[in-house]
Amino acid sequence: MAAGVERPRVPPNQRVVTRWPVLHYGGIPTLDPADWKLHVWGSVEEELLLTWADLMAMPQSEDTSDIHCVTGWSRFDNRWTGVAISDLLELVTLRPEASHVMVHGAPSFTTNLSLADLRHPGVILATHHDGEPLSTPHGGPIRLVVPHRYFWKSAKWLTGLEFTDQDAPGFWEGNGYHLRGDPWTEERYND
Ligand SMILES: Nc1nc2c(c(=O)[nH]1)N[C@H]1C(S)=C(S)[C@@H](COP(=O)(O)O)O[C@H]1N2
Ligand SMILES: [Mo]
């Protein structure tokens with residue numbers, strides 16, 4: 001291994017934990033899969049409304065990744081199962097101006113991502129964690145997982161993807177957090 005080639009596994013100023021903290025703003029919503037729909041809209045040729053049955057009929061993928069929370073903890077080897085973003089995006093035709101997405105989570109959470117960050121390997125609409133259905137406090141029945149960004153980008157109780165032509169701040173980004181949130185360069189807060 002050449003010196004300087006291999007990157008450390010823990011981003012700067014993070015500490016590794018084994019327990020998995022529950023963090024969110026506001027209450028824990030209950031999403032009944034029978035009523036749940038994923039709404040995809042905005043800079044798309046056709047809006048998409050995906051039911052739980054639609055989602056379950058799609059190819060199911062698995063990805064194991066590390067969590068890096070901006071509050072300073074990292075958790076290794078989380079095995080996520082669900083629908084890979086690449087498979088979902090095959091159902092959507094983006095308009096040419098689409099450059100970003102506002103991710104929506106119940107009850108009123110939003111977080112922004114660039115298209116490149118949304119399409120990044122490892123990004124998954126997760127329904128299972130380590131082989132078990134995702135618990136409600138951790139975003140069950142479904143959350144987005146964006147492993148290469150701080151964990152606030154991983155919207156729990158996922159309800160929608162709104163494609164846009166601008167990088168507008170979501171909930172935490174509008175409250176001082178960084179628009180992009182790269183843990184490796186410590187993009188924690190907006191300057
Ligand atoms: N819908 C929703 N998703 C959310 C949040 C929230 O308040 N609402 N908080 C975010 C933040 S700040 C963090 S750190 C992670 C925490 O996920 P966890 O509770 O599974 O550890 O969820 C993110 N996703
Ligand atoms: Mo957070």
Side-chain angles (χ1 to χ4, degrees), residues 10-33 35-41 50 52 55 62-83 85 88 100-114 117-118 120 122-162 168-190:
V10 187
N13 296 305
Q14 295 289 112
R15 65 183 185 285
V16 177
V17 300
T18 49
R19 283 178 49 208
W20 184 11
V22 171
L23 292 165
H24 49 262
Y25 184 80
I28 297 180
T30 313
L31 301 189
D32 183 352
D35 304 327
W36 176 89
K37 284 183 181 60
L38 181 72
H39 188 196
V40 181
W41 81 103
L50 212 66
W52 192 261
L55 192 82
E62 193 173 286
D63 187 79
T64 298
S65 59
D66 299 341
I67 295 171
H68 307 299
C69 178
V70 72
T71 58
W73 55 270
S74 292
R75 190 176 185 278
F76 287 169
D77 293 325
N78 300 274
R79 184 161 59 90
W80 303 103
T81 317
V83 171
I85 195 70
L88 180 80
H100 291 80
V101 63
M102 190 66 83
V103 183
H104 292 255
S108 61
F109 185 75
T110 51
T111 188
N112 59 299
L113 291 171
S114 71
D117 277 343
L118 182 70
H120 196 274
V123 176
I124 186 168
L125 283 64
T127 57
H128 290 71
H129 176 268
D130 287 351
E132 300 289 335
L134 191 56
S135 72
T136 306
H138 283 301
I142 185 166
R143 78 181 298 164
L144 189 68
V145 175
V146 185
H148 66 296
R149 293 294 173 245
Y150 283 124
F151 206 38
W152 87 76
K153 297 285 185 183
S154 292
K156 307 199 272 193
W157 313 295
L158 180 69
T159 56
L161 298 174
E162 177 188 5
F171 175 73
W172 282 120
E173 296 84 4
N175 282 285
Y177 283 59
H178 198 280
L179 280 174
R180 190 168 44 231
D182 175 18
W184 300 97
T185 54
E186 287 196 86
E187 292 175 334
R188 297 174 189 271
Y189 309 107
N190 285 316

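Indexing begins at 1, ligand by ligand and atom by atom, following the structure's order.
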For Trp157, the ligand 1 atoms with a heavy-atom partner under 4.0 Å come out as 1 (N), 2 (C), 8 (N)

With heavy atoms and a 4.0 Å threshold, my read on which part of Phe109 contacts ligand 1 is side chain

**Message:** Between Asp35 (side chain only) and Leu31 (backbone N and O only), is there a donor and an acceptor less than 3.5 Å apart?
**Reply:** no

Under 4.0 Å between heavy atoms, the region of Trp20 that gets near ligand 1 turns out to be side chain

Is the closest basic N to carboxylate O distance between Asp66 and Arg75 below 4.0 Å?
no

*asked:* Under a 3.5 Å distance rule, please check whether Asp63 uses its side chain to pair with a backbone N or O of Val123 as donor and acceptor.
replied: no

Near Ala106 (heavy-atom distance under 4.0 Å), the atoms of ligand 1 are 1 (N)

Look at atom OH of Tyr25 and say whether more than 12 heavy atoms of other residues, nucleotides or ligands are closer to it than 6.0 Å.
no

So the atoms of ligand 1 within less than 4.0 Å of a heavy atom of Ala155 turn out to be 3 (N), 24 (N)

Which of Phe171, Trp157, Trp172, Phe151 passes ring pair (Phe, Tyr, Trp, His ring centres under 6.0 Å) with His24? Answer is Trp157

If you scan protein heavy atoms around atom 19 (O) of ligand 1, the nearest is Lys156 NZ, 2.5 Å

When distances are taken from atom 22 (O) of ligand 1, the protein heavy atom at minimum range is Arg143 NH2, 3.4 Å

Logged contact type for Trp152 with ligand 1, heavy-atom cut-off 4.0 Å, is both

for atom 16 (C) of ligand 1, nearest protein heavy atom and its distance come out as Leu23 O, 3.2 Å

Q.
Taking Leu23's backbone N and O only, do any of them form a donor-acceptor pair with Lys156's side chain (distance below 3.5 Å, no angle check)?
A. yes

Nearest non-hydrogen protein atom to atom 21 (O) of ligand 1, with distance, is Pro21 O, 2.7 Å

query = Using 30° and 60° as the class limits, which term best fits the ring planes of Trp80 and Trp20: parallel, tilted or perpendicular?
reply = perpendicular

Ranked by distance from atom 14 (S) of ligand 1, the top protein heavy atom is Cys69 SG, 3.6 Å

Side-chain (Asn190) to main-chain (Tyr177) donor-acceptor, under 3.5 angstrom:
yes

ring-ring contact (aromatic ring centres under 6.0 Å, His included) filter on Trp41, not counting sequence neighbours, yields His39, His104

Atom 7 (O) of ligand 1: closest protein heavy atom, distance to 0.1 Å, is Tyr25 N, 2.7 Å

Note: Trp172, heavy atoms under 4.0 Å from ligand 1, region reported as side chain

Closest to atom 24 (N) of ligand 1 among protein heavy atoms sits Ser154 O, 3.1 Å

